[in-house]
K.L.:
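Below is a structure I'd like to ask you about.
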Amino acid sequence: MIQTPLSCSSKLSDVGTTIFTRIGELAAQYQAINLSQGAPGFPVDPALIQRVTQAMTAGQNQYAPMAGLPVLKEKIAEKMQALYGRTYHPDEEITITASASQAIYASISALVHSQDEVIYFEPAFDSYAPVVRLQGAKPVAIQLSLPEFKINWDEVKAAMTPRTRMIILNTPHNPTGTILSSDDLHQLAAIIRDTGIIVLSDEVYEHMVFDGELHQGMARHPELAARSVIIASFGKTFHVTGWRVGYCLAPQTLMKEIVKVHQFMMFSADTPMQYAFAVYMDDPQRYLSLAGFYQKKRDLLIQELSDGPFQLYPSQGAFFMLAGFGHQSDIPDTDMVQRLIREAGVATIPLSAFYAGGTDQRLLRLSFTKDDETIIAGARALKAFRF
Ligand code: GLN
């Protein structure tokens, strides 16, 4: 270890290594069944891998165009038109990024100024608030309450100030699996109509909405689309989270600024992967089938856990579900996660990790983006656990 005489004042002094990394390491150490990180646990379609190989073999191994491959952006524009009836200009309003996380970082960094306020909802994906703070801006958390975790728009209106620059939404929602309704979109549009507020909408789970419901993304609502940055993910959609390719969509005025940051963060996203996705997207079934695929997995998890010791909160979307143990034990959720790894051999994520203040409601997040055998084995081990 090198000793340095320098002191380093932290910009994120209260932030450690992400929960996903920490639990992943512990799960590996105890060889636990891993229902923690949202990392797909089944093989990637060989046809997609073949497309990447073809692009590499054909010599597509150098920098892609800075904001993304035109043919891929055209395919995305076609998808947005077909699914949500919204026109996005491929060159002006779509940028391919090196992961959805990078798109989130670039968007917040480009659009939020120091002293601005950014409203978001807890529990929340762990990157939003730290990225806002890195801009010298203030994250303002609004709490979502059990059991439905629905947004109370009056509360949002009350939290808005002249400094509010952005509202961050996430539908379907990680970690609770709730979704926004068309009524939510109308209420949001009404409260921000006469403001300069931008919406950052994390929609990486857009194709995983269950029980016949529709994904109510910002693109469906003309007024909201005109002031929204939408974040999407190829990793989540095509089971390749390690490839790190995502994208964002926004009106040209906003995108112009996002691209300025993107060019200095990554310059461009992975070239062969972009070629592969452009061809692979030709068959819409490859993403439209995801809702049914994951609904079956959710139902399998519920079936295997039912009549067990956990209280279940069935999700409406994404690939997560919450399970409560407060009626069994009052030890902190972080301790319970450790016990379950060691004693039941199953890794989960404590919900308190999704709160800046560590709010603990004795809830665990279970990920069901796993093969059926893993879901069954994990659920049975949890069901057999004695508190
Ligand atoms: N989105 C994934 C999850 O919530 C993990 C992301 C990450 O590990 N940074 O599980």
Side-chain angles (χ1 to χ4, degrees), residues 12 15-28 32-42 97-108 120-132 134 144 149 168-179 200-209 230-248 265-266 290 294 297-298 301 313 315-323 333-334 337 340-341 346-356 363-371 374-375 378:
L12 294 172
V15 171
T17 306
T18 81
I19 188 75
F20 307 110
T21 302
R22 283 186 284 134
I23 298 294
E25 284 170 4
L26 211 57
I33 298 165
N34 200 343
L35 304 185
S36 62
Q37 193 183 33
F42 34 79
T97 55
S99 79
S101 285
Q102 190 234 317
I104 291 169
Y105 195 104
S107 303
I108 294 175
Y120 74 109
F121 301 90
E122 282 191 333
F125 184 58
D126 63 350
S127 85
Y128 306 149
V131 176
V132 168
L134 285 169
L144 303 176
F149 295 101
I168 302 180
L169 294 171
N170 174 210
T171 184
H173 185 250
N174 177 10
T176 66
T178 54
I179 55 174
L200 178 76
S201 187
D202 178 349
E203 301 182 15
V204 298
Y205 304 100
E206 69 184 302
H207 300 301
M208 302 156 203
V209 175
I230 296 172
I231 309 285
S233 162
F234 286 112
K236 298 285 191 298
T237 301
F238 295 133
H239 318 311
V240 287
T241 57
W243 290 9
R244 316 304 293 139
V245 187
Y247 56 94
C248 55
M265 280 183 82
M266 308 307 299
L290 280 184
Y294 277 117
K297 290 190 181 292
R298 176 202 63 178
L301 182 61
Y313 297 87
S315 50
Q316 302 162 292
F319 41 54
F320 306 112
M321 191 174 84
L322 299 182
D333 63 358
T334 45
V337 164
L340 288 171
I341 291 174
V346 183
T348 60
I349 300 283
L351 195 74
S352 60
F354 296 85
Y355 290 86
L363 286 168
L364 309 174
R365 189 195 76 172
L366 313 181
S367 165
F368 52 83
T369 176
K370 306 294 164 189
D371 58 43
T374 305
I375 293 174

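Since we're looking at a predicted model, the values are computed, not measured. Order of appearance sets the numbers: ligands from 1, and atoms from 1 within every ligand.
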K.L.:
Would a 4.5 Å heavy-atom cut-off, applied to side chains only, mark I23 and I341 as touching?
P.N.:
yes

K.L.:
Taking only residues two or more places apart in sequence, or in another chain, which ones meet Y294 in a ring pair (Phe, Tyr, Trp, His ring centres under 6.0 Å)?
P.N.:
F319

K.L.:
With a 4.5 Å heavy-atom cut-off, do I231 and S107 have their side chains touching?
P.N.:
yes

K.L.:
So, do L301 and L366 sit near enough that their side-chain heavy atoms are less than 4.5 Å apart?
P.N.:
yes

K.L.:
Taking only residues two or more places apart in sequence or in another chain, which ones pass ring pair (Phe, Tyr, Trp, His ring centres under 6.0 Å) with F320?
P.N.:
Y205

K.L.:
List by chain and number: which residues place a heavy atom under 4.0 Å from ligand 1?
P.N.:
F20, Q37, G38, F125, N174, Y205, K236, F320, R365

K.L.:
Please enumerate all residues that pass side-chain contact (heavy atoms from CB on, under 4.5 Å) together with T374, with sequence neighbours excluded.
P.N.:
I33, L35, K370, D371

